[in-house]
There are 2 protein chains.
Amino acid sequence: MNVTGHQRRPASIRDVATAAGVSYQTVSRVINDHPSVKAATRERVLAAIDELGFRRSATALALARGRSRAVTVLTADTTHYGYASILQGIEEAARAASHTVGIGVLESAAETAVAAVVQRAADTGGGVIVIAYDPAGVRALNAVPAGLPVVGVVETPAGPPTGDRPWVWTDDREAAYEATRYLLSLGHETVHYVAIPSGARRTGARSAGWREALREAGAPQPRALRGGWSPADGHAAGRRLAADPVVTAILCGNDDLALGVLRALHEAGRSVPGEVSVTGFDDAPHAAHLTPSLTTVRLDFTGLGRSAFALLHGMLEESAQSAPYPVAAPELVVRESSGVAPARD
Amino acid sequence: MNVTGHQRRPASIRDVATAAGVSYQTVSRVINDHPSVKAATRERVLAAIDELGFRRSATALALARGRSRAVTVLTADTTHYGYASILQGIEEAARAASHTVGIGVLESAAETAVAAVVQRAADTGGGVIVIAYDPAGVRALNAVPAGLPVVGVVETPAGPPTGDRPWVWTDDREAAYEATRYLLSLGHETVHYVAIPSGARRTGARSAGWREALREAGAPQPRALRGGWSPADGHAAGRRLAADPVVTAILCGNDDLALGVLRALHEAGRSVPGEVSVTGFDDAPHAAHLTPSLTTVRLDFTGLGRSAFALLHGMLEESAQSAPYPVAAPELVVRESSGVAPARD
DNA sequence: GCCCCTAGTGTGACCGGTCACACTTCTGCT
DNA sequence: AGCAGAAGTGTGACCGGTCACACTAGGGGC
């Protein structure tokens, strides 16, 4: 193999062809494993390929073939555990289908910035997967131009997906409902909720599940606290809750929020789970190793990612009508941070 | 604008040209803001573009122009906070330079799998950034074929980078050195270390900094405990350390390990920082909100990512000799998990 | 009136692959 | 011997843009 790393432009199939003394089409046949090439010829071509260090250009391939075996993932933040896991699931599935994964971060809430990122994804060709749990993601999903294949990863939707813009989700509404019922079953009079920023203008799915469980049980329905995503947001919300002696059970929209809440309760001298029970969402790796370890809801993020890709893949290539990838149902994981309600005065 | 989402193939510049009654070259001039186009003509072309919903194909552009304004990031895990932050930094800088960011995950340790991922990145064209803190990443970096522009994000290297394969790093060696000195200054006889899996066959940079500080102070040099990346790994290592009454100070290779160590110490009934001081690495968002809050070293991951891209960008386009992006020096952040050594018997 | 220069536009080839089809051989059958 | 069909190979056009260059029309200097 040619190791002289000289900057000269990479070899094309025509270079290989001349080197091997055949036509470019024959080279094309060899690299595509076409059967009708004489063994001897194939040998010569392969030798030339090796000699020249030829690699088939994915760009030219995409142009010639029509479509591009590429997926772009749009997300507000790569750092968030859930998002990162979804991304990883997508990449895994995409790799298996020999697709390429691109990424666009929607960091700022600026409308124009989101539009620009979406544009770039659209230009790249292939399909788009939007992680649309938060406002930025939802905006991005809406900004995707019609006709471009796209799949949204969303909170449990209220209705069925609109025709050309399919969704994928785990039933976090049901999960929030279950988690709330669990806390109520421990004797808590009601459950307070620290919310993640919801994507929809209306209240999010987790929030809805929580509220439904309270209503069903005839429990008081406090207002949800608008949190963010981070431990710092949880800490801020936790301080408000810690100051209220009525609060004995807190459901948090994710584990990071719960972490901050735990900290705030600690600072206020309220013991967990003795005086207050805390529950998270997601089952991030650290949840099990906090002190106290965190009761939370395990979500199958990577499965969700794989599923999103499978769906998109089916849209891109009608041949590959890949069956919907199975996503594990959310599962309540009970640990130390939740317990029976303290005796009421 | 054409909203009939019919599946028909997207409009090309020739379609626009016929619609506007000009040549394809004129369309090309318009979309490239070439000055010498009559205003009236430009108007007509722009109208046609809007009418047909034309979008310039990034694929064709890349093919025609030669190079591709694309970067692929190779990482072992998108979930890890440090890695995710680096990725985010890269994406930010790439977007500013209107480059596209691809991602490849090196999950499994299988040699062949790594090679395959690298291959795919190479075929995509453009440059590659490899996050090479761990064995999989280092393998990937080595597997990158010669001639392909690549930048590695690495631990503090022992020597200068080899010619064609530049590196980028924060001085985590120095940071580990400082953190260790800090712990020693609190009166601890020595400091134990829970290591992240090092990339190099030799011991990693953080480990080296730690050891150097101990040697300099004439302190006993215990063996480093081989941890992993996760809280569970930290927990396992922490249990071993908790059982040893001699241990009063623990430096951890990252915050997740520290989290697990904290938990293990708690389970063993050893108080932090009363009996044992614990220090992390990275300053992940949760470090400040743990109980006790975690003393750690803040690393500028996003800056590192931006810097890696800037370097690669300079390699791809000799014009853009972008000055090396500034990366903030590591900074020790003292919180509750560290304190003066307990009085010795 | 001639020429030169510039503004504005069009033509052909090319990037690196693929596809559709035409062209040679060789083999096997009548 | 003659011919059909398959195996093996080559030619031209195309994907959607760009580049280099040629061309036309209009304005100013002589």
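Throughout, a chain's letter reflects where its sequence line sits, starting with A, and its residues are numbered from 1. Remember, it's a predicted structure, so these values are computed and weren't measured experimentally.
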* **side-chain contact (heavy atoms from CB on, under 4.5 Å) evaluation trace for B/Glu92 with A/Val105** => CA-CA 8 Å; B/Glu92 187 186 321; A/Val105 177; over 6 Å; no

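- When heavy atoms are screened at a 4.0 angstrom cut-off, A/Thr41 is found touching the sugar-phosphate backbone but no base atom.
- Judged by closest nucleotide on DNA chain D, A/Val37 is the one of A/Val37 and A/Arg65 placed further toward the 5' end.
- The ring-ring contact (aromatic ring centres under 6.0 Å, His included) pairs that include a residue from residues 59-97 of chain A are A/His80-A/Tyr83, A/His80-A/Trp229, A/Tyr83-A/Trp229, where partners are two or more places apart or lie in different chains.
- Contact of the A/Phe309 side chain with the A/Val101 side chain is not registered, since no non-hydrogen atoms from C-beta on lie closer than 4.5 Å.
- B/Arg29 comes within contact range of at least one nucleobase, with a heavy-atom separation under 4.0 Å.
- Mapping B/Arg42 and B/Leu63 onto DNA chain C by nearest heavy atom places B/Arg42 closer to the 5' end of the strand.
- Looking at B/Ser98, its side chain never comes within 3.5 Å of a backbone N or O of B/Arg95 through a donor-acceptor pair.
- With DNA chain C read from its 5' end, the first of the two nearest nucleotides for B/Arg14 and B/Lys38 is the one closest to B/Lys38.
- Put simply, chain A comes within 4.0 Å of DNA chain D, heavy atom to any atom, from D/dG8 to D/dG16, going 5' to 3'.
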* To do: Test side-chain contact (heavy atoms from CB on, under 4.5 Å) on A/Leu46 and A/Asp50 and set out the steps.
  => CA-CA 6 Å; A/Leu46 287 176; A/Asp50 199 46; over 6 Å; no

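- Rounded to 10 degrees, the angle separating the terminal helix axes of the helix from C/dG1-D/dC30 to C/dT30-D/dA1, each built from five base pairs, is 60°.
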* Should A/Thr79 and B/Phe301 be marked as a side-chain contact (heavy atoms from CB on, under 4.5 Å) after you check the CA-CA gap, both sets of side-chain angles, and the distance that decides it? -> CA-CA 11 Å; A/Thr79 277; B/Phe301 286 118; over 6 Å; no

* side-chain contact (heavy atoms from CB on, under 4.5 Å) evaluation trace for A/Thr41 with A/Thr26 -> CA-CA 9 Å; A/Thr41 312; A/Thr26 300; 4.0 Å; yes

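- Judged purely by atom type and a 3.5 angstrom limit, A/Arg120 uses its side chain to pair as donor or acceptor with the backbone of B/His99.
- When heavy atoms are screened at a 4.0 angstrom cut-off, A/Ser36 is found touching base atoms of the nucleic acid.
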